[in-house]
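Structure in structure tokens, see below.
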There are 2 protein chains.
Amino acid sequence: MSNEFEKQEMNVTGEGFLPGLAIDTVIFGFHDNKLKVLLLTYKNTGLFALPGGFIRINEDVNEAARRVLYSRTGLIDIFLDQFYVFGDKSRHDIAPLKTIMQAREFTPDDNHWLLKRFVSIGFYALVDFTKAIPTPDSISDSCDWFELDDLPVLMQDHRQIIDKALQTLQTNLDHKLIGFNLLSENFTMGDLQSLYETILNKKLIRAAFQRKMLSSGILERVAKKWTGGAHKAPYLYRFMAGR
Amino acid sequence: MSNEFEKQEMNVTGEGFLPGLAIDTVIFGFHDNKLKVLLLTYKNTGLFALPGGFIRINEDVNEAARRVLYSRTGLIDIFLDQFYVFGDKSRHDIAPLKTIMQAREFTPDDNHWLLKRFVSIGFYALVDFTKAIPTPDSISDSCDWFELDDLPVLMQDHRQIIDKALQTLQTNLDHKLIGFNLLSENFTMGDLQSLYETILNKKLIRAAFQRKMLSSGILERVAKKWTGGAHKAPYLYRFMAGR
DNA sequence: GCAAAAGTGTTTAGGTTACACCCATGG
DNA sequence: CCATGGGTGTAACCTAAACACTTTTGC
């Protein structure tokens, strides 16, 4: 179903899309106690990039971002938010784009629409790592998770976009209580704490963390317990639907 | 000096500007214990709008916003921040634009660049009311302060833009300590408190407010005192340069 | 039994609220 | 001298930090 979009993304005129405007999404996942982001890889070029896309003529900007998120992960109803517009003229850098196109046997004209200056609206998304199905787009070879503290060199200003997204996530984590979106439906308090510790990059006090979370009233204790380790079985918690 | 821009803003092709992309600025001021915003007025049309503008081909988006702010107020080095991108397709509403143009004896073609769909980047600015010199742009008749709780009907989605800007201001007021930008260089604690009360729309406890502000360490007490009322002379405070 | 992780109780510290009191000033 | 607004002191209150203790489980 996304074939139709993808064909359009590669068309020669850029017709059907708002000109000069793009979306870049920083898709965060959490696995093995590591924060990860989803990157597109271009195998024959050594280039890495954030998933992104363009806005269709008859589409809301936020809708376009959801479409990008869906087509890279297969997920809907996911936490997704704008965080910044990247609009410096200095970000205009056509070399990597030319490389990518040429690696696909396509030599673009110098005023090909993709080589024009773009202003990009940055979005960040929080997804359940186990549920996302990374899917490359029409001009990339693969789409994979990369650890946030072990990122490859990224094209254009995509590294700054990730940094700014992480900052936003850090400042909103407490305030908006959005961490759950990175975990599976049921999780232990330990899972949640190590998620927080990873995002904020600092140790938290176990007892204090537990009480703060419980007193916030948004966690529901699921009666079931865990099976596994050589220690007391932790409760499982769930984000309460009733806000 | 802004003549050059303004001529361009009215040109027929939109040449020199990024297509389909605009800036809208919510410029906040504070006077007589009222929060105000700067609006452009179109006298022969009954239309009101936020100051806005376009981004020049060779200009950063944030630069463009500073240029708009400068050309409407004469102010530089002002608090100015992005807060949201308004990109719904439903905001495309050409009727008011046609009205404005026709009121200026200009009947645009239906595919005039100004009548195309625009995505707008919302900025909010905090200015010293006494220092700003409201200045209309080339297509408006005047530029004036309006009380936030007594706004006229605004064109397109500008009312929603203001509402979202106010929300952003409210949530950032404590966190980022940006209130000072709305006052003159020196102010009393009472001034600051009534500013906070106006923005947050609730009464604050005097003693608690004073201590919180003083303990934040960003206020410097200026030795001079106030002349005036039938009561103890309050200290004047100043925002500390040393962050 | 012991180590490890989980859950909770208790004490302490720091910040906020509420209330009180004194200060300065103009009428 | 008193009403008014400004500044600070004090105690009550609440939340968070620090620490301790108990529970559960696999080895």
Side-chain angles (χ1 to χ4, degrees), chain A residues 30 32-33 170-171 173-177 179-180 183-240, chain B residues 30 32-33 170-171 173-177 179-180 183-240:
Chain A
F30 184 67
D32 277 342
N33 276 343
Q170 286 172 337
T171 58
L173 187 60
D174 265 335
H175 180 56
K176 294 189 175 179
L177 295 168
F180 323 96
L183 298 173
S184 307
E185 193 184 340
N186 296 327
F187 47 86
T188 69
M189 194 58 75
D191 294 336
L192 188 59
Q193 183 179 340
S194 67
L195 168 64
Y196 268 65
E197 289 179 338
T198 304
I199 293 176
L200 300 175
N201 199 27
K202 66 173 178 186
K203 275 264 155 226
L204 298 173
I205 294 115
R206 197 172 55 88
F209 182 80
Q210 169 127 348
R211 263 185 284 259
K212 188 158 92 176
M213 283 300 144
L214 290 181
S215 71
S216 77
I218 56 169
L219 288 187
E220 184 181 11
R221 184 173 279 177
V222 180
K224 301 170 210 162
K225 297 193 173 193
W226 171 262
T227 52
H231 51 76
K232 184 175 179 178
Y235 289 101
L236 287 175
Y237 296 90
R238 170 164 63 185
F239 176 58
M240 281 216 290
Chain B
F30 184 66
D32 276 343
N33 276 343
Q170 286 171 339
T171 57
L173 187 60
D174 266 335
H175 179 57
K176 293 189 174 176
L177 294 168
F180 323 97
L183 299 172
S184 307
E185 193 183 341
N186 297 327
F187 49 85
T188 69
M189 195 57 76
D191 294 336
L192 189 59
Q193 186 179 336
S194 66
L195 169 65
Y196 268 65
E197 289 180 337
T198 305
I199 293 176
L200 300 176
N201 198 29
K202 66 172 179 185
K203 275 262 153 226
L204 298 173
I205 294 118
R206 198 171 53 89
F209 182 81
Q210 168 125 349
R211 263 187 283 259
K212 188 159 91 175
M213 283 298 145
L214 291 179
S215 72
S216 78
I218 56 167
L219 288 186
E220 185 181 10
R221 184 173 278 178
V222 181
K224 299 170 210 162
K225 296 194 175 191
W226 172 264
T227 53
H231 50 75
K232 183 174 179 179
Y235 289 100
L236 288 174
Y237 297 90
R238 172 163 62 186
F239 177 58
M240 282 217 288

Taken to the nearest whole Å, CD1/I205(B) to C1'/dT10(D) is 16 Å
List in chain and number order the residues that pass side chain to side chain contact (heavy atoms under 4.5 Å, CB included) with T171(B), two or more places apart in sequence or in another chain; answer none if no residue qualifies.
-> none
So L236(A) and R221(A), side-chain contact (heavy atoms from CB on, under 4.5 Å) or not? Walk me through it.
-> CA-CA 6 Å; L236(A) 287 175; R221(A) 184 173 279 177; over 6 Å; no
Quick one: salt bridge (Lys or Arg N to Asp or Glu O under 4.0 Å) partners of R238(A), sequence neighbours excluded?
-> E185(A), E220(A)
DNA chain D: stems of at least 3 consecutive Watson-Crick or G-U pairs whose donor-acceptor distances fall under 3.5 Å | C:1-27 with D:1-27
Got a sec, which residues hit ring pair (Phe, Tyr, Trp, His ring centres under 6.0 Å) with F180(A), two or more places apart in sequence or on another chain?
-> F239(A)
Heavy atoms only: give me the nearest L219(B)-Y237(B) pair and the separation to one decimal.
-> CB-CD2, 4.3 Å
Donor-acceptor list for residues 197-208 of chain B side chains, cut-off 3.5 Å, not counting sequence neighbours:
from: E197(B); atom 1: OE2; to: Q193(B); atom 2: NE2; distance (Å): 3.1
from: E197(B); atom 1: OE2; to: L204(B); atom 2: N; distance (Å): 3.0
from: T198(B); atom 1: OG1; to: S194(B); atom 2: O; distance (Å): 2.7

Numerically ordered, the residues 192-203 of chain B set in heavy-atom contact under 4.0 Å with DNA chain C is none
L183(B) CG to L195(B) CG distance, which is reported to the nearest 0.5 Å | 5.0 Å
Nearest-angstrom distance from the residue atom NZ of K212(B) to P of dA18(C) = 13 Å
Atom CE of M189(A) and atom CG of L214(A): how far apart are they, to the nearest 0.5 Å?
-> 4.0 Å
Tell me, please, which residues at least two apart from R211(A) pass salt bridge (Lys or Arg N to Asp or Glu O under 4.0 Å).
-> none
Tell me, which pairs form a ring pair (Phe, Tyr, Trp, His ring centres under 6.0 Å) where one or both residues lie in residues 197-217 of chain A, sequence neighbours left out?
-> Y196(A)-F209(A)
Tell me, for nucleotides 1-9 of chain D in 5' to 3' order, what letter each nucleotide earns: B for a base near a protein heavy atom under 4.0 Å, S for only sugar-phosphate near one, - for neither?
-> --BBBBBBB
